[in-house]
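Treat the numbers as computed from the prediction; the structure is a model and nothing was measured. All residue numbers refer to positions in the sequence shown, counting from 1.
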Amino acid sequence: MAEVKEFTLPDLGEGLTEAEVVRWLVEVGEVVAVDQPVVEVETAKAMVEVPCPYGGVVTARYGAEGEELAVGAPLLTVAVGADASAPAAAEGSGSGGADGVVAEADGADAAEDGGAGETSGAVLVGYGTGAPPARRRRVRPTPVPAAAAGQVNGVASGYGRHAVTPEVPVRAEAAEPAPGPVPVISPLVRRLARQNEVELRTLTGSGPDGLILRADVERAIGAAGAPAAEPSAAAASAPAADAGEVRIPLRGLRGVVADKMSRSRREIPEATCWVDVDATELLAARRAMNAAGGPDAPKISLLALLARICTAALARYPELNARVDTEAREIVRLERVHVGFAAQTDRGLVVPVVRDAHARSAESLSEELGRLTGAARDGSLTPGELTGSTFTLNNYGVFGVDGSTPIINHPEAAMLGVGRIVPKPWVYEGELAVRQVTQLSLTFDHRVCDGGVAGGFLRYVADCVEQPAMLLRGV
């Protein structure tokens, strides 16, 4: 007999607690292999294809496209074993998990996850391959007398895992709630009940095996005469001041950006200094580098040269490659330089990270910046490529603006902003000339240094932009 296993949304790392279902890659009734991608989700940091650690037949999907699921919430169930070629009785897909019933895995050996000695190679928290999973007690199906057919059967703890009992119908019709854990899988249903003060234990679920669905909660809300609050858009329950207004939930990437920016402004006493710079020689140096490399050599970008200048400046002024440990009341100076750079994408603003930028040449920096920019645009950046920066470079000149006072990328201590490079009148070698001029602005955490250090850093960067040969002193 096939065993139905539940695959929950794994911990995707970097402190992420939820993800939005973007696109299902499998259908109910479809046969999947071990480590086959089954769903594409969007976290606050990246688009991720999630592989399933089990091989078998998909019996249920949980979460509609566009719905947010918490880490640990069910994604799908898979019938694993000798009878896995036949889909389980619970078919179809839906939001919040109304269309499948689940049996616990015994977890005796990691090789059993594939159903035929096959082992998952996917690196998923809770489904890894390095060690066998924690042993769990198998919930075995037991015949239920007809008199008890209306009771809620076999509901387990967690996200409402429950056992299949083929001998009896699984639709609950009990007049009073069963003791024990509440049979609810969907965190959205729990939130809806909590917002409307509905006691879930008083409800009789209309889903498989007595599962409480969103419709059950909404009926209870309607019976009480209270309007149902939308868990995915709580603001929709508030009266609209203007019929033409549009409300956009602060969630996903936009929500993370909002939280991070607010925290930065709340915690960091930032200050900004700026200077106009003649970038004519830097542009000429870039042209010479690319010409020397030949037509087939990769081109060095202007952003790569600016990043190289910043790493040289941070070597002179390490106070700015730091963060503040507020709990310990300590300034933590960092030996390695990981340069983040702001990149605008269709999903919003992201900050990919070039690791160990201090150890890279201009050519290596250019190559890595290009790779990360491409990954940012197609949404394939991993969470690890979006975290851990120690200093950020923000080229807002691509938007056609001259200056800005950027918000520090918490918990870093500084960010350099670069405006557009445009021809302007400039006094050069004692005479008025038309030069390529840009504005550099440095926003810094005033806790890690005073204005002298910040001014020295910015002046060194400006001098290297005006005279790139200065970098040769450190070679």
Q: Start with the C-alpha gap between Ile309 and Leu282, add the side-chain angles, then the distance that decides, and say whether side chain to side chain contact (heavy atoms under 4.5 Å, CB included) holds.
A: CA-CA 11 Å; Ile309 291 172; Leu282 182 66; 4.3 Å; yes

Q.
By the definition side chain to side chain contact (heavy atoms under 4.5 Å, CB included), identify the one residue from Asn394, Val354, Val351 that meets it with Phe341.
A. Val354

Q: Please step through side chain to side chain contact (heavy atoms under 4.5 Å, CB included) for the pair Gln344 and Val398, ending with a clear verdict.
A: CA-CA 10 Å; Gln344 194 69 38; Val398 297; over 6 Å; no

Q: Check for a donor-acceptor pair, side chain of Asn321 on one end and backbone N or O of Arg336 on the other, with a separation under 3.5 Å.
A: yes

Q | Exam field: side chain Thr77 to backbone Ala60, donor-acceptor pair closer than 3.5 Å | A | yes

Q) With a cut-off of 6.0 Å (strictly less than), are more than 12 heavy atoms of other residues, nucleotides or ligands near CD of Glu281? A) yes

Q. Within the side chain of Asp278, is there an N or O that forms a donor-acceptor pair under 3.5 Å with the backbone of Thr280?
A. yes

Q | Arg377 CZ: over 12 foreign heavy atoms closer than 6.0 Å | A | no

Q) Given Arg308 and Glu363, is the salt bridge (Lys or Arg N to Asp or Glu O under 4.0 Å) satisfied, shown in steps? A) CA-CA 10 Å; Arg308 182 65 186 87; Glu363 185 173 343; over 6 Å; no

Q. Yes or no on side chain to side chain contact (heavy atoms under 4.5 Å, CB included) for Leu381 and Leu372, after CA distance, side-chain angles and deciding distance?
A. CA-CA 7 Å; Leu381 286 171; Leu372 292 171; 3.9 Å; yes

Q: Anything under 30° is parallel, anything over 60° is perpendicular, the rest tilted; go ahead and classify Phe457 against Tyr317.
A: perpendicular

(Q) Any salt bridge linking Asp356 with Arg360? Criterion: basic side-chain nitrogen under 4.0 Å from a carboxylate oxygen. (A) no

Q: Report yes or no: does Ser366 contribute a side-chain atom to a donor-acceptor pair with the main-chain N or O of Lys299 at less than 3.5 Å?
A: yes

Q.
Counting only heavy atoms from other residues, nucleotides and ligands, does the tally under 6.0 Å from CZ of Arg329 exceed 12?
A. no

(Q) For Glu412 and Thr392, which I'm curious about, is there any donor-acceptor pair between the side chains at under 3.5 Å? (A) yes

Q | SB check Glu27 Arg61 (cutoff 4.0 Å) | A | yes

Q.
Quick check: do Val78 and Phe7 have side-chain heavy atoms less than 4.5 Å from each other?
A. no

(Q) Quick one, Pro423 and Gln436 - any side-chain contact, counting heavy atoms below 4.5 Å? (A) yes

(Q) For a quick test of reading the model, state the closest non-hydrogen atom pair linking Ser404 to Ser441 and the distance between them. (A) O-OG, 3.2 Å

Q. In this structure, are over 12 heavy atoms from other groups packed under 6.0 Å from Leu432 atom CG?
A. yes

Q.
Side chains of Leu25 and Val50, heavy atoms from C-beta outward: is any pair under 4.5 Å?
A. no

Q. Are any non-hydrogen side-chain atoms of Leu75 and Val38 less than 4.5 angstrom apart?
A. no

(Q) The test is side chain to side chain contact (heavy atoms under 4.5 Å, CB included); show your working for Val461 and Leu442 and say whether it passes. (A) CA-CA 10 Å; Val461 171; Leu442 177 71; over 6 Å; no

(Q) How about CD on Glu367, more than 12 heavy atoms from neighbouring residues, nucleotides or ligands closer than 6.0 Å, or not? (A) no

**Q.** Within 6.0 angstrom of Glu49 CD, more than 12 heavy atoms from elsewhere
**A.** yes

Q. Which distance, rounded to the nearest 0.5 Å, do you find between the CD of Glu20 and the CD of Glu67?
A. 9.5 Å

Q. Just wondering, more than 12 heavy atoms not from Trp274 lying within 6.0 Å of its CH2?
A. no

Q) Would you say the side-chain atoms of Glu270 pair up with the backbone N or O of Ile407, donor to acceptor, closer than 3.5 Å? A) no

(Q) Using side-chain heavy atoms (C-beta onward) and a distance below 4.5 Å, is Pro74 in contact with Leu69? (A) no

Q. Any side-chain heavy atom of Leu302 within less than 4.5 Å of one from Ile421?
A. yes

Q | Within-4.5 Å side-chain heavy-atom neighbours: Trp426 and Asp276 | A | yes

Q) Between Pro53 and Asp35, what is the shortest heavy-atom contact and its length? A) CA-OD1, 4.4 Å

Q.
Any heavy-atom pair between the side chains of Arg333 and Val448 that's under 4.5 Å?
A. no

